[in-house]
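Worksheet: one structure, shown below.
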Amino acid sequence: MRTIDINEAIDEGPFGRFQWMIVGLCGLLLIIDGYDVFVAGTVLPKLIAEWGLTKPQAGALQAWALFGMMFGALIFGPLADRFGRKKGIAISFLLFTTATIATGFAQSPRQFEILRFLAGLGCGGLMPNAVALMNEYAPKRLRSTMVALMFSGYSIGGMVAASLGITIIPAFGWQWMFFVAAVPLAILPFILWHLPESLGFLVRQDRQTEARAIYTRLYPAQPIADGDRLVFTETKVTSVSVAELFRQDRGSRTAMVWVSFFCCLLLVYLLSSWLPKVLQEAGYAERASLLSLFSLNFGGMVGAIAGGRLGDRFGLPKVVVCFFAAAAVSIALIGTGLPASLLFLSVFVAGATTIGTQILLYASVAQLYGLSIRSTGLGWASGVGRIGAIVGPTFGGYLLAQELPLQQNFMLFAVPAVVSTFAMIAYSVLSTRKAFRELTPA
């Protein structure tokens, strides 16, 4: 009879076919999720023209989906810690795909806002649960890389939205950008059949039969004998409440992560909502402006994968600090009247260091908290970030309505990246001090 600690087994074991399947399935979910998030930015110029919206009104229109994402993260994160990652993912996916399809039938700004809010609930619930699930199946040496690789699907979804927008909007109208969400809805049964529940969650719930079946699929070359028992070792917590995120020397780091999430998502949604419209007003054709959204998301994918790999080698906090500093510079440069090639390069770097850094922040939070509060921690960090996401498009609309010079606008856009840089420097220092105390004998 053996006692098998699944934490040690996963950290020391190989990264095999079963884990790659989880990367693929979660990545596919996030492609769909990313499409849903970025599709609104592709149709915004059309909505402004069709419904006669002012820029502040258009910014508020975008904000409703982000309100939904904030509440979705706050609701579905803690619920998944209680009832399982897989259920949280399935409910979230079903909610946002059906609401996205229905958005294509919206006849007024009010209907559009309500349906985007419902879609946002699902999008906000999916992200923290997918990150938590991937984090729990990846060995520590590859954790940042695999979470980032999975989350790069989010950027691919944005690239798909931009690519389809170039073809679909002029030919069929903005409504069909939402109707195409019916296609991914067909894969829900496949996901429910193949996506496993968190192994740590099953062990913590004492569902040994299900846990043993998944462990056998995870490591088929290491059969489990009848008397063997799977265990999960972690610090016990008294509750799954937000207060737990501030206990055990986590309070200051939680606060710094929340500041970074707020500023980072403000930048992501500010740029994704307004970049095509701003470039059109600056004289670029519709096709070129949508290509800028493609460049932004392509940069996000590259930045996430490269940042995850660098994070596993040098530590995530150091990489995130460097990325935020680069974001501040690249965003400021977008408004300086660069030639087209350098403009798209700056947009690419901005995507790599905002969208890509958002993904690295999710990986950082997943590593900060233990299993029993991981989805809660991810959900609350994401929820606080969604406040920034709401502020971003709304702030952008009001700022652009002032008709300031383009360079001045983008200098102001870069300020949140500077704030995030200092917040993550503080986080890195606090993490280093804690690690040093743990290594120093009492």
Side-chain angles (χ1 to χ4, degrees), residues 11 127-128 131-132 134-136 138-152 235 245-268 299-300 302-330 349-370 373-374 376-382 384-385 388 414-440:
D11 282 344
M127 290 183 190
V131 173
M134 188 68 257
N135 189 80
E136 288 156 20
K140 189 174 182 179
R141 66 184 183 277
L142 296 173
R143 199 161 288 157
S144 300
T145 300
M146 291 304 157
V147 170
L149 183 61
M150 173 210 73
F151 223 126
S152 66
T235 303
L245 306 179
F246 291 86
R247 295 184 179 131
Q248 299 179 10
D249 206 22
R250 290 186 294 253
S252 297
R253 287 181 293 163
T254 293
M256 292 302 99
V257 164
W258 284 9
V259 169
S260 298
F261 256 91
F262 177 91
C263 293
C264 187
L265 268 71
L266 186 155
L267 288 170
V268 169
V302 174
I305 296 172
R309 189 62 183 151
L310 290 169
D312 280 329
R313 185 171 181 181
F314 300 108
L316 274 173
K318 296 176 183 176
V319 176
V320 172
V321 167
C322 293
F323 272 34
F324 273 133
V329 174
S330 60
V349 175
T353 52
T354 55
I355 298 173
T357 307
Q358 174 199 0
I359 296 166
L360 299 182
L361 284 174
Y362 272 104
S364 299
V365 174
Q367 294 178 25
L368 175 59
Y369 304 115
I373 58 169
R374 184 165 292 135
T376 300
L378 284 162
W380 273 87
S382 181
V384 171
V415 170
V418 176
V419 174
S420 296
T421 302
F422 285 104
M424 287 308 295
I425 288 173
Y427 177 92
S428 182
V429 171
L430 291 166
S431 296
T432 301
R433 286 179 179 174
K434 184 176 187 301
F436 179 76
R437 286 197 300 270
E438 290 174 348
L439 292 173
T440 303

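- Here the closest non-hydrogen pair linking Ser364 and Val320 is OG-CG2, 4.4 Å.
- If you take OG on Ser420 and CE on Met256, they are separated by 11.0 Å, rounding to the nearest 0.5 Å.
- Scored by the side-chain contact (heavy atoms from CB on, under 4.5 Å) test, Ala325 finds Thr421 as partners (sequence neighbours excluded).
- Contact annotation: the side chain of Gln358 approaches that of Leu265 to within less than 4.5 Å [non-hydrogen atoms, C-beta and beyond].
- Taking the six-membered ring where the residue is Trp, Tyr362 and Phe261 present perpendicular rings, their angle passing 60° and hence far from 30°.
- Residues satisfying the side chain to side chain donor-acceptor pair (under 3.5 Å) test with Tyr427, not counting sequence neighbours, are none.
- The line from CG of Leu310 to CD1 of Ile305 is 12.0 Å long, rounded to the nearest 0.5 Å.
- The closest side-chain heavy-atom distance from Arg141 to Asp11 is not below 4.5 Å.
- Considering every non-hydrogen atom in both Gly377 and Leu245, the closest pair reads CA-CD2, 3.6 Å.
- In this view, Ser260 and Phe324, Leu361, Ala423, Met424 satisfy the side-chain contact (heavy atoms from CB on, under 4.5 Å) rule, not counting sequence neighbours.
- For Arg309, the side-chain contact (heavy atoms from CB on, under 4.5 Å) partners are Leu142, Thr145, not counting sequence neighbours.
- In this structure, the separation between CD1 on Ile355 and CG on Leu360 is 12.0 Å, given to the nearest 0.5 Å.
- Shown here is Arg313, whose CZ atom has no more than 12 heavy atoms of other residues, nucleotides or ligands within 6.0 Å.
- Phe262 approaches Val384 most closely through the heavy-atom pair CD1-O, 3.9 Å.
- Here OG of Ser428 is found 10.5 Å from CG of Leu316. Values are rounded to the nearest 0.5 Å.
- In this view, Ala255 satisfies the side-chain contact (heavy atoms from CB on, under 4.5 Å) rule with no residue, not counting sequence neighbours.
- Between Val319 and Gly307 the shortest heavy-atom distance is CG1-O, 3.9 Å.
- Nearest heavy atoms, Leu430 versus Ser252: CD1-CB, 3.5 Å.
- Remark: Ile425 CD1 to Lys318 NZ distance equals 13.0 Å, nearest 0.5 Å.
- In terms of heavy atoms, Leu266 sits closest to Pro416 at CD2-CG, 3.8 Å.
- Qualifying side chain to side chain donor-acceptor pair (under 3.5 Å) partners for Thr254, counting only residues two or more places apart in sequence or in other chains: Tyr369.
- For Phe323, the ring-ring contact (aromatic ring centres under 6.0 Å, His included) criterion is met by no residue, not counting sequence neighbours.
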